[in-house]
Amino acid sequence: MRLFNTLTRRLEEFREIEKGKVGLYTCGPTVYDYPHIGNFRSYLFEDLVKRFLLFHGYRVTHVMNITDIDDKTIRKANELQVPLAEVTQKYIDAFHADLRALNILPADVYPRATAHIPEMQALVATLLEKEFAYEKDGSVYFRIERFRDYGRLANLDRASLKPGAAAAGAADADEYGKEAVQDFVLWKGKKPGEPSWPAPFGEGRPGWHIECSAMSMKYLGPHFDIHMGGVDNIFPHHENEIAQSECANGVTFVNYWLHCQHLIVDGMKMSKSLGNFHTLGDLLAKGHAPMAVRYLLLSSHYRKLLNFTLDGLEMAGQALARIKNFVFSLKNVETEGEADPELAAVVTASLEAFSASVADDFNVSGALGVMFDLIGGINPRMNALTRADAAGILAYMERVNAVLGILEPGDEGPLDAEIEARIALREKARREKDFARADEIRAELKEQGIILLDTPAGVKWKRD
RNA sequence: GGCGGCGUAGCCAAGUGGUAAGGCAGCGCUCUGCAAAAGCGCUAUUCAUCGGUUCAAAUCCGGUCGCCGCCUCCA
């Protein structure tokens, strides 16, 4: 499997550190508000990568941090006049609910920053001891001059870093003590109205970057396989993580850095002021299915800008319906008989092509094309299939879905006696040519999300 | 100023040297009591644009136009 490593800016063949195992760290949410669909594009991409690794039989240890202490969470708590933990817990719960709705596999650990203060302090202490960091006016800063590779990930020349945005930061009261503008804070000295923890280098709270370094090395060791996040994390967050971690441990931090491009909405950057800011809850309230959101956000290449529109979401839902109808038809094949070996070979080849496409830097569009080619090839032959044939194709769809996660197990509900009874009533009306009554029953069932299909083999039904 | 990305049908989107995948939408037809689903057929001589390299370019090189991102705490 080939993937684009931000560190080298080229496609590389994936080689795990320890055979059969993968250590995976993904940057999680800062829990000061509801996540938006842009966040989910990243989380869905990360889920895809993880699922594909699992598909190939790797044992994956996935860590996703929860930033529950930073400027924004503190500000929110102060605005609302409630304890920090109350604010963060609310949004942590909302975050997990959205992950479940989108069928994102849970991480093995969701470490919270506030639960890892000692680990972060130990890391800061190490950096101070090795003189990669210095204390100034109660805060501790990283001295980027000491790290030769600084800027490598972001492809930024340290000397040419424009002091534009940096100058604004430097004007911040707690920053002017730095030796160099580009130095970043590891530990922020105590300020009134902010939570703080005692530390040998002064009471205060952790900087943002240190949490990911401390928590990733705690759960995955000083050197692990893959680290992911949104492109905005490349600089400064991930650049700083590399600096902290490699200076503290003296070893390579991460082998592969994968970054997901942002999405825009209706052609413009998503922002609350433009009114094009969507949360998952907003979209579900408009009647869109979470799986349509998943399909849309996953169906174009992760390194390309994605223009999210409601029309696009509609189209994604339709494409998904085609896939679900295919599965539905397969499940209703009733002809007994042997499996056709030629058909089985076609299905096997299709799965290989699907997998090869995903393996090529996660080309989901190409992989979907492979799958739809198979669907288009099978559909005309649907009536000629045996149960054994159908079982083979359903197994294929399960494998595909193990990677994409777009079909929920609950899509096909158990037969419901009540529904069957209604259908029998409608059949009676149809036999008696009372079509008005028959249509009425069909409409009622549709209200309940039950779609009827009159086929030569009898009435079939499915949930919408 | 520095670094980087994108522009393929009405819409979404693969393809990165061998002659335009796939999905959605649309139109016609088959099936149906009517639908739905499914099927069949149709829908880019052309890949922002100009020029170059090549037997061959959407794919490589150069120019132009348009859009976008990053350069210290935004997924």
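Computed over heavy atoms, backbone and side chain alike; hydrogens, waters and symmetry mates excluded. A, B, ... follow the sequence lines: proteins, then strands. Residue 1 opens every chain. Keep in mind that what you see is a predicted model, and the values were worked out from it rather than measured.
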### Contact summary for A/Cys212 and A/Ser216, nearest pair of heavy atoms
O-OG, 2.7 Å
### Task
Return the nucleotide paired to B/C55: Watson-Crick means purine N1 to pyrimidine N3 with N6-O4 or O6-N4, wobble means G-U with N1-O2 and O6-N3, both under 3.5 Å.
B/G18
### Task
Could you tell me whether A/Leu263 contacts a base, only the sugar-phosphate backbone, or nothing, with contacts defined as non-hydrogen atoms closer than 4.0 Å?
base
### Task
Go along nucleotides 29-40 of chain B 5' to 3' and tag each nucleotide: B for a protein heavy atom under 4.0 Å from its base, S when only backbone or sugar atoms are that close, - otherwise.
----BBBBSSSS
### Task
Searching all strands shown, indicate the nucleotide that pairs with B/C29 (Watson-Crick or G-U wobble; both distances under 3.5 Å).
B/G39
### A/Arg9, CZ: over 12 other non-hydrogen atoms inside 6.0 angstrom
yes
### Task
Give a yes or no on whether the backbone of A/Gln261 and the side-chain of A/Arg41 come within a donor-acceptor separation of less than 3.5 Å.
yes
### Query
What's the spacing between A/Thr309 OG1 and A/His278 NE2 if we round to 0.5 Å?
8.5 Å
### Message
If I pick the P atom on B/A20 and the same atom on B/A58, what distance separates them, to the nearest angstrom?
### Response
9 Å
#### Entry: Integer angstrom distance from the P of B/C65 to that of B/A14
27 Å
### Query
How would you label the contact of A/Gly312 with the nucleic acid (heavy atoms, under 4.0 Å): base, sugar-phosphate, or nothing?
nothing
### Query
How would you label the contact of A/Lys72 with the nucleic acid (heavy atoms, under 4.0 Å): base, sugar-phosphate, or nothing?
sugar-phosphate
### Task
Select base, sugar-phosphate, or nothing to describe what A/His36 touches, counting heavy atoms under 4.0 Å on all strands.
base
### Task
Just name whichever nucleotide pairs with B/C24, Watson-Crick or G-U, keeping both distances under 3.5 Å, else none.
B/G10
### Query
At under 4.0 Å, does any side-chain N or O of A/Lys304 touch on OP1 or OP2 of B/C68?
no
### Message
With a 3.5 Å distance limit and no angle check, can you tell me whether A/Ser139 reaches the backbone of A/Lys136 through a side-chain donor-acceptor pair?
### Response
no
#### Entry: Any A/Asn363 side-chain N or O less than 4.0 Å from OP1/OP2 of B/G15
yes
### Message
Is any side-chain heavy atom of A/Leu263 closer than 4.5 Å to one of A/Asn307?
### Response
no
#### Entry: Side chains of A/Pro35 and A/Leu280 in contact at under 4.5 Å (non-hydrogen atoms)
no
### Message
Please name the nucleotide paired to B/A48 by Watson-Crick or G-U wobble geometry with both distances under 3.5 Å, or report none.
### Response
B/U64
### Query
What interatomic distance, in whole Å, is found between P of B/C29 and the corresponding atom of B/C67?
45 Å
### Message
Using a heavy-atom cut-off of 4.0 Å across all strands, would you classify A/His237 as base, sugar-phosphate, or nothing?
### Response
nothing
#### Entry: Residue matched to B/U72 through Watson-Crick or wobble contacts both under 3.5 angstrom
none
### Query
If you measure from the P atom in B/A13 to the same atom in B/A56, how many Å do you get, rounded?
33 Å
### Query
Given the C1' atoms of B/A9 and B/G62, what is the spacing between them in whole Å?
29 Å
### Task
Rounded to whole angstrom, note down the P distance from B/U16 over to B/C6.
13 Å
### Task
Write down the distance separating the C1' atoms in B/C11 and B/U72, rounded off to the nearest Å.
39 Å
#### Entry: Axial cation check for A/Tyr32 ring with A/Lys72, 6.0 Å and 45° limits
yes
### Toward the 5' end of RNA chain B, by each residue's nearest nucleotide, A/Gly267 or A/Asp311
A/Asp311
### Task
Please measure how far the P atom in B/A57 lies from the corresponding atom in B/C42, and state the result in whole Å.
27 Å
### Distance test, side-chain N/O of A/Lys269 to OP1/OP2 of B/C74, below 4.0 Å
no
